[in-house]
Asks: 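The structure follows.
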2 protein chains.
Amino acid sequence: MKLSTKGRYGVKAMFDLAQHMGEGPISLKSIAERQSISEHYLEQLVSGLRKAGLVKSVRGAQGGYLLGKEPDKIKIGDIIRVLEGPIAPTDCVSEEDPEICSKAEFCVTRTIWEKVRDSIAEVLDSITLETMLEDAKKIESDRSLYMYYI
Amino acid sequence: MKLSTKGRYGVKAMFDLAQHMGEGPISLKSIAERQSISEHYLEQLVSGLRKAGLVKSVRGAQGGYLLGKEPDKIKIGDIIRVLEGPIAPTDCVSEEDPEICSKAEFCVTRTIWEKVRDSIAEVLDSITLETMLEDAKKIESDRSLYMYYI
DNA sequence: TTATATCTTATTAAAATACTCGGGATTTGT
DNA sequence: ACAAATCCCGAGTATTTTAATAAGATATAA
């Protein structure tokens with residue numbers, strides 16, 4: 001039940017883009033450095049995000065990437081689905097063409113995995129890049145408040 | 001974000017044991033046959049469950065396994081944790097000694113994985129083998145009702 | 001025209017997964 | 001006493017997935 005680096009790096013990279021909105025195209029190199037990710041590896045991930053319309057690219061020198069939509073329109077679930085595939089604790093309850101099993105209609109185990117799938121999806125779809133930006137702002141102000149009282 | 005066969009087979013096997021309570025020790029061979037699982041592989045999984053006290057074993061001919069506690073005392077989360085390890089979409093939010101990262105206190109990404117972890121744990125800990133037995137009974141009666149009206 | 005980027009495909013090392021195999025220990029029934 | 005059934009344990013292995021790395025083609029700003 002682990003997320004792979006694809007999903008983790010992807011969310012980090014997207015959040016990085018959100019934090020640098022308005023600064024023009026952001027190069028993978030700078031994202032890779034800030035987030036400590038291999039640039040080449042990140043390239044592969046971002047390729048998928050671009051095809052899904054979650055980022056836009058600008059080629060050439062001074063090029064880079066921009067968010068494909070407003071941050072409040074990009075759910076973490078969208079990012080995870082592009083990079084990790086449909087949410088599916090088991091193949092028989094995959095969000096996308098689940099693997100039909102002959103016992104499916106009376107399989108009690110299956111209903112558990114459905115609930116797990118739905119609870120994961122609900123969390124990931126309730127959080128957007130905008131939410132994350134707000135959280136980051138809040139953490140920042142809490143920190144400075146804390147510093148003040150020391 | 002997939003469960004491995006360990007978790008899936010383990011839950012299936014435990015549910016099988018629950019369904020055959022009162023019939024004395026149930027052999028791995030019969031469980032493996034009913035659930036279409038390799039017997040040798042199942043042996044390894046059940047070994048862990050036994051060490052965790054979720055099943056009791058009876059050795060020798062006519063031996064087998066019994067539930068280690070009442071079905072309403074065995075949560076699906078208990079089974080999963082024994083077979084798949086602590087619930088942890090990422091190492092930094094593992095239920096058991098999470099891998100501390102220097103940026104943890106102001107990491108916005110981390111809070112997402114915490115929410116995912118908690119929602120998975122909540123689902124898995126809200127379902128017991130007893131719940132599953134009730135569900136199975138309900139499905140069975142719905143099926144016979146359906147048959148009646150045909 | 002050169003440096004800076006994105007884009008694309010192929011290869012690979014390491015780890016995890018899902019078994020398989022062989023043999024030993026324990027108990028029951030004959 | 002013996003054979004059959006069963007749990008118990010450790011090692012080995014094929015396949016798949018993961019996480020990169022590498023190499024080069026394409027596009028654009030300066």
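Lettering of chains follows the sequences in order, A, B, ..., and the numbering in each one begins at 1. Just the heavy atoms: all of them, side chains too, but no hydrogens, waters or symmetry mates, feed the values below.
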Asks: From CD of A:Gln44 over to P of D:dA19, roughly how many Å is that when rounded to an integer?
Replies: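 In whole Å, D:dA19 P and A:Gln44 CD are 12 Å from each other.
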Asks: Could you work out, with side-chain contact (heavy atoms from CB on, under 4.5 Å) as the rule, every residue matching B:Lys137, not counting sequence neighbours?
Replies: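 None.
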Asks: Just by distance, with hydrogens left out, do A:Thr131 and A:Thr128 show a side-chain donor and acceptor under 3.5 Å apart?
Replies: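 Looking only at side-chain atoms, A:Thr128 and A:Thr131 do form a donor-acceptor pair, the distance falling under 3.5 Å.
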Asks: Could you list by number each residue of residues 22-31 of chain B showing a heavy-atom separation from DNA chain C of less than 4.0 Å, or answer none if no residue does?
Replies: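 When residues 22-31 of chain B is checked for heavy atoms under 4.0 Å from DNA chain C, there are no hits whatsoever.
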Asks: Between B:Glu95 and B:Arg117, is a side-chain contact (heavy atoms from CB on, under 4.5 Å) present by the stated rule, with each step listed?
Replies: CA-CA 8 Å; B:Glu95 285 181 324; B:Arg117 176 200 62 198; 4.0 Å; yes
Asks: Identify, with sequence neighbours excluded, every residue that meets ring pair (Phe, Tyr, Trp, His ring centres under 6.0 Å) alongside B:Phe106.
Replies: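 With neighbours one apart ignored, the set is empty.
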Asks: Starting at atom CD of A:Gln62, determine the distance to atom C1' of C:dA3, rounded to an integer number of angstrom.
Replies: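 Value for this atom pair: 9 Å.
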Asks: Any side-chain heavy atom of B:Gln19 within less than 4.5 Å of one from B:Ile26?
Replies: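 B:Gln19 does not reach B:Ile26 side chain to side chain.
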Asks: Could you identify which residues cluster with A:Val58, counting Ile, Leu, Val, Met, Phe, Trp and Tyr as linked when any side-chain heavy atoms lie under 4.5 Å apart, either directly or through a chain of such contacts?
Replies: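 A:Leu66, listed by chain and number.
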Asks: Let me know the distance between CD of B:Glu33 and P of D:dT6, rounded to the nearest Å.
Replies: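 Taking CD of B:Glu33 and P of D:dT6, I get 10 Å after rounding.
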Asks: Ignoring backbone atoms, test whether A:Arg50 places a side-chain nitrogen or oxygen under 4.0 Å from the OP1 or OP2 oxygen of C:dC7.
Replies: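 True: A:Arg50 side-chain N/O within range (under 4.0 Å) of C:dC7 OP1/OP2.
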Asks: What donor-acceptor contacts under 3.5 angstrom involve side-chain atoms of residues 67-79 of chain B, with partners at least two apart or in another chain?
Replies:
from, atom 1, to, atom 2, distance (Å)
B:Asp78, OD2, B:Lys75, N, 3.0

Asks: Report, one pair per line, the protein and nucleotides 24-27 of chain D atoms (nitrogen or oxygen only) whose separation is under 3.5 Å.
Replies:
from, atom 1, to, atom 2, distance (Å)
D:dT26, O2, A:Arg59, NH2, 2.8

Asks: Expressed in angstrom and rounded to an integer, what is the separation of A:Glu39 atom CD from D:dA19 atom P?
Replies: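 Computing the A:Glu39:CD to D:dA19:P distance gives 19 Å.
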Asks: Among all residues two or more places apart in sequence or in another chain, which pass the side-chain hydrogen bond (donor to acceptor under 3.5 Å, both in side chains) test with A:Ser4?
Replies: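 Result, side-chain hydrogen bond (donor to acceptor under 3.5 Å, both in side chains) vs A:Ser4: A:Glu84.
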Asks: With A:Tyr9, which residues qualify under ring pair (Phe, Tyr, Trp, His ring centres under 6.0 Å), at least two apart?
Replies: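 With neighbours one apart ignored, the set is A:Tyr41.
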Asks: Name every residue in residues 3-14 of chain B that has at least one heavy atom under 4.0 Å from any atom of DNA chain C, in order of residue number, or write none if there are no such residues.
Replies: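 Within residues 3-14 of chain B, the residues near DNA chain C are B:Ser4, B:Thr5, B:Tyr9.
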Asks: Can you tell if the side chain of A:Ser47 reaches within under 4.5 Å of the side chain of A:Lys51, non-hydrogen atoms only?
Replies: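 SC-SC contact between A:Ser47 and A:Lys51 confirmed.
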Asks: Please collect all side-chain hydrogen bond (donor to acceptor under 3.5 Å, both in side chains) contacts where either partner lies in residues 100-114 of chain B, sequence neighbours excluded, each pair once.
Replies: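 side-chain hydrogen bond (donor to acceptor under 3.5 Å, both in side chains) check on residues 100-114 of chain B returns B:Arg110-B:Glu114.
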Asks: Please list, in numerical order, the residues of residues 86-100 of chain A that have a heavy atom closer than 4.0 Å to any atom of DNA chain C.
Replies: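 Close to the strand, none.
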Asks: Testing B:Ile120, B:Leu124, B:Ile87 for side chain to side chain contact (heavy atoms under 4.5 Å, CB included) with A:Met1, which one passes?
Replies: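 Running side chain to side chain contact (heavy atoms under 4.5 Å, CB included) over B:Ile120, B:Leu124, B:Ile87 with A:Met1 returns exactly one hit, B:Ile120.
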Asks: Just to be sure I understand the rule, does A:Val46 reach a base, reach only the sugar-phosphate, or reach nothing, if contact means heavy atoms closer than 4.0 Å?
Replies: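 If one applies the 4.0 Å heavy-atom cut-off, A:Val46 turns out to touch nothing in the nucleic acid.
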Asks: Run the side-chain hydrogen bond (donor to acceptor under 3.5 Å, both in side chains) test against B:Asp16 and tell me which residues pass, sequence neighbours left out.
Replies: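 Expected list: B:His20, B:Arg34, B:Gln35.
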Asks: In whole angstrom, what separates B:Leu42's CG from D:dT6's P?
Replies: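 That distance rounds to 14 Å.
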